[in-house]
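All ligand and atom numbering here is 1-based and tracks the order in the structure. Numbers for residues simply follow the sequence, beginning at 1.
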Amino acid sequence: MTNIPIFKLEEFWKKYEFSAPYLLCPSDAETWLLKDIVAMADPESKSLWDNLSLGYTESPGLPALRKEISQLYDSLEADHILTTAGAEEGIYCAMHSLIAQGDHVVIVSPSYQSLETLPQVLGAKISFIHLQSANQWKLSFDQIQSVWRTTTKLLILVCPHNPSGTLIEPDVYEKMIALARKTGAYIFCDEVYRFLELDETKRLPAIADGYERGISLNVMTKSFGLPGLRIGWLASRDVDLLQKVNSYKMYTSICNSAPSEILALIALKSKESILKRNREIVLQNVKLLDEFVKRHSDSIRWVRPEGGTIAFLELLLPISIDEFTEQLVEKAGVLIMPGTIFDCPGNFFRVGYGRRNMPDVLNRFEQFLITYENLYKK
Ligand SMILES: Cc1ncc(COP(=O)(O)O)c(C=O)c1O
C-alpha cells in the first residue's frame, strides 16, 4: 500500500474548524445561504432547480455548467472544462494524469500541500523553488531558469499565491510560458483565488488562456464563497489531457452532485453580484489589516497581499508561532494558521480576510496580542 503523507493543513482544519469559535484564517470568502443563491436564479435555471432529478450526472460535468465556466476564460469552450469535486479532486486527478515515476517537476513553494506531496508520492524528481518574504514572496524568472531542465515535464504554482496572496509579475509570467513552450512542459496553475485581486487591473490571464499546455484550476469555494457545493474544475486547451483526467475521476467521484451543479450554474450566471459583494468585504477587511499592522509594527510584519482572501503575517515576538497559536486558541478561542503547516521556516502565520466577522475576530486577536506585547516589554 502506498504511504500518503499526513495532509497537515486539512488535519489542522479537522481539529479546529468546527470547535474554535473565532476563525481568523479561513481562505474562503463569506459563505452564501442556499436560499440566497436560489433567489438569484433566472427562469431557466429556476426550472432546472425545481425539476431536478437526483440521478447520476454527466461525468465531465453538466454541459450548461461547463459552458458557463468556459465564459470565465477568454479563449475557451465547454469542451475545455472538466468539473471536479472541489479543487482537491482536480489536483488529485491532474497530478496522476500528468506525472509518471521519474518525471522532473518544478514546484513553487510554499504551496497548497497536495500540490507538493502528490508529485512526491507519484515518484517525480522534484526541484523546489522556495519563495522568500525578503523578496516579497515574489517568484523570479531566474529561480525558474536555474532549476529548469530540457526534460522538465511540469511546473506547479499557485497564483494568487497561497498563503501570501501575492501575484506573479507579468514579465515573469510571459517568460515562464516562453520557457515551458520551448521545452514542451505543462504549467499547472492553481488559480482558486483568482477574481479577487485587490487591484483588478493586475489580474493575470488564466494559464489556460495564456498557454496551450497550461492547466488552470479553479473552484466555487474561495472567491465565490461556496465551498459546500464541492464544485471545482480544470480548464485547458489540451482536450486529450482532460480526457485522461476524466478517466481518473471515474475512480474517485465519477460525477458531480446534481444539486451542486445547478447551484453552481445559478451562481456563475450571477457572478458579477457574487464577486461584487465578496470584493467589498475583502477591501474593507484589508483596510483594517493595514491599520492593524501599522499599530503593531514592533510585533507584526507583513507583505501586503495583492489578491485573494489570505495574507501571511510574521510574528516578531520571541515565542514560536506554534506555541503562540496554541495559546491563542486555548485562551482567546481565536484560530490562526501557523506557517509550519506550510513547512515554512520562521514565525509566519496565515490570516483570512474574506469573512464578514473578521473585524470582530481581529479585535479579539489584537487584545490577545497586546497582552503578549506587554509581557515581553517587561
Ligand atoms: C490553493 C488551494 N488550492 C486548492 C484548495 C482546495 O480547495 P477545495 O476545498 O475547494 O477542494 C485550497 C483550499 O484551501 C487552496 O487553498
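Distance from atom 1 (C) of ligand 1 to its nearest protein heavy atom, with residue and atom name: D190 OD2, 3.2 Å. Among protein heavy atoms, the minimum distance from atom 14 (O) of ligand 1 is reached at K222 NZ, 2.6 Å. Ranking the protein heavy atoms by distance from atom 10 (O) of ligand 1 puts T221 OG1, 2.6 Å first. In terms of protein heavy atoms, atom 15 (C) of ligand 1 is closest to Y112 CD1, 3.5 Å. The protein non-hydrogen atom at the shortest distance from atom 7 (O) of ligand 1 is A87 CB, 3.4 Å. Among protein heavy atoms, the minimum distance from atom 16 (O) of ligand 1 is reached at Y193 OH, 2.6 Å.
Taking the six-membered ring for Trp and the full ring otherwise, F348 and W137 have centroids separated by under 6.0 Å. Within the 6.0 Å centre-distance limit, the rings of F349 and F365 are counted as a close aromatic pair. Separation of the Y112 and F7 ring centroids falls under the 6.0 Å cut-off.
The line from CE of M358 to CG of N285 is 4.0 Å long, rounded to the nearest 0.5 Å. Atom-to-atom distance recorded for R194:CZ and S223:OG is 9.5 Å, nearest 0.5 angstrom.
Every atom of ligand 1 is numbered from 1 in the order shown, and the set under 4.0 Å from a heavy atom of V192 is 1 (C), 2 (C), 3 (N). For ligand 1, the atoms lying closer than 4.0 Å to a non-hydrogen atom of E88 are 11 (O). Close contacts of ligand 1 with V219, meaning ligand atoms under 4.0 Å from a residue heavy atom, involve 10 (O).
Contact check on E212 versus R181 returns a salt bridge, with a Lys/Arg side-chain nitrogen under 4.0 Å from an Asp/Glu carboxylate oxygen.
Under the 6.0 Å distance and 45° angle rule, R350 does not count as a cation-pi partner of F312.
Remark: R304 engages D290 in a salt bridge (Lys or Arg N to Asp or Glu O under 4.0 Å) (not counting sequence neighbours).
Heavy atoms of E89 come nearer than 4.0 angstrom to ligand 1 in no pair at all.
Contacts with ligand 1 closer than 4.0 Å are made by side-chain heavy atoms of S27 only, the backbone lying farther away.
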